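All of these numbers come straight from a predicted model, not from anything done at the bench. Along the sequence shown, the residues carry numbers beginning at 1.
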Amino acid sequence: MTTRVIIVDDQAMVRAGFAALLAAQSDIDVVGEAPDGRQGVEVSRATHPDVVLMDVRMPEMDGLEATRQLLAPPPGVIHRPKVLMLTTFDVDDYVYEALRAGASGFLLKDAPPADLISAVRIVAQGDALLAPSVTRRLIADFARQRPAPRRDPGLRLRDLTPRETEVLELIARGLSNTEIAAALVLAEQTVKSHIGRVLAKLGLRDRAQAVIFAYESGLVAPGEAP
């Protein structure tokens, strides 16, 4: 199955380089490009890509607003692509908000070519590209800059079993599946099953949204030790 991709970046050389790299893969088809978020939304609605590579900082419309428009479209628009954010820095000011908007993860622009190709495939399969080390940096950024998480008595957390709640907490603390399995003395496949049930019960798309949910629900507080 071929993954359809569009590239949204204000630098023509970046778009050309990414397009050439991805188009050389037998399972990836680059179906469009755009120099800003506004045109990126238009191209996405016209071409229906599986994955949008979205730069964070662009003129006209930045990647954050474009991501919001793609993943929360107006009535009548059904297509919702996966969005992979491109950033120059490990933790860009917009990355946290982009994840809240529904982006499936982010990738550094200077990442090795193999990482870009792998990232597109991972996101296309419905997984989040949010490595544990990245999760920990996002948590640190959240603790420094964001207000205290909202605590809701009617929180959807009550739908989770105690074990599922434990798993969600460890995801939010930045542990990988292997580390969660070791911490809870479970098989890694069992951890994957728990994660799947957590996402389904909470109506979350991926691991990235699970991290955001855990902090905003108050399950994990900024500043707590991993």
Side-chain angles (χ1 to χ4, degrees), residues 3 51 71 82-85 87 90-92 95-108 111-112 114-226:
T3 297
V51 177
L71 300 181
K82 301 293 193 303
V83 176
L84 177 59
M85 305 300 298
T87 181
D90 280 7
V91 179
D92 191 286
V95 168
Y96 178 80
E97 294 300 330
L99 293 174
R100 286 188 63 193
S104 294
F106 72 96
L107 185 73
L108 295 179
D115 286 1
L116 172 64
I117 296 167
S118 175
V120 168
R121 290 171 176 156
I122 288 170
V123 169
Q125 291 169 2
D127 294 328
L129 189 74
L130 201 58
S133 60
V134 172
T135 303
R136 293 181 181 113
R137 289 198 295 270
L138 284 171
I139 289 169
D141 179 63
F142 182 97
R144 287 195 306 269
Q145 301 182 29
R146 312 297 169 187
R150 299 185 293 273
R151 296 179 184 271
D152 180 358
L155 199 61
R156 286 173 287 167
L157 280 172
R158 63 189 177 191
D159 295 330
L160 302 182
T161 66
R163 177 63 84 191
E164 289 164 355
T165 302
E166 283 183 298
V167 169
L168 175 59
E169 180 178 350
L170 294 177
I171 290 173
R173 294 185 188 283
L175 273 66
S176 67
N177 287 1
T178 301
E179 290 169 333
I180 293 173
L184 300 180
V185 195
L186 297 172
E188 192 166 343
Q189 186 58 47
T190 302
V191 171
K192 291 179 181 178
S193 296
H194 282 311
I195 292 173
R197 286 194 290 272
V198 168
L199 298 181
K201 287 183 177 181
L202 297 179
L204 304 174
R205 296 200 318 175
D206 53 38
R207 196 184 194 96
Q209 288 193 331
V211 173
I212 300 302
F213 181 90
Y215 273 80
E216 294 199 330
S217 70
L219 176 65
V220 179
E224 292 181 354

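Side-chain contact between F213 and L219: absent, with no pair of heavy atoms (C-beta onward) separated by less than 4.5 Å. At least one side-chain heavy atom of L202 sits under 4.5 Å from a side-chain heavy atom of L160.
Taking OG of S118 as the reference point, atom CG of L107 lies at 9.5 Å (rounded to 0.5 Å). Here E188 contributes atom CD and T178 contributes atom OG1; the two are 3.5 Å apart, rounded to the nearest 0.5 Å. Here the CD-CD1 distance, from E169 to I180, works out to 10.5 Å after rounding to the nearest 0.5 Å.
With sequence neighbours excluded, no residue satisfies side chain to side chain contact (heavy atoms under 4.5 Å, CB included) with A182. Every salt bridge (charged side-chain N to carboxylate O under 4.0 Å, His left out) that E166 has, sequence neighbours left out, goes to R163.
Across every non-hydrogen atom of V211 and A172, the tightest pair is CG2-CA, 4.2 Å. What you find for V51 and L84 is that their closest heavy atoms are CG1-CB, 4.4 Å. Residues I171 and A210 come closest through the heavy atom pair CG2-CB, 4.5 Å. Taking both residues in full, the closest heavy atoms of A103 and M85 are given as CB-CG, 3.8 Å, listed atom of the first, atom of the second, then distance.
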**side-chain contact (heavy atoms from CB on, under 4.5 Å) between K82 and I122, worked out** = CA-CA 10 Å; K82 301 293 193 303; I122 288 170; over 6 Å; no
**Message:** Go through it in stages, so that I can follow the logic: the residues are L168 and L157, the test is side-chain contact (heavy atoms from CB on, under 4.5 Å), and I'd like the CA-CA distance, side-chain angles, deciding distance and then a yes or no.
**Reply:** CA-CA 10 Å; L168 175 59; L157 280 172; 3.6 Å; yes
Could you list the donor-acceptor pairs under 3.5 angstrom formed by side chains in residues 191-198, with sequence neighbours left out?
| from | atom 1 | to | atom 2 | distance (Å) |
| --- | --- | --- | --- | --- |
| S193 | OG | Q189 | O | 3.1 |
| H194 | ND1 | R197 | NH2 | 3.0 |
| R197 | NE | E164 | OE2 | 3.4 |

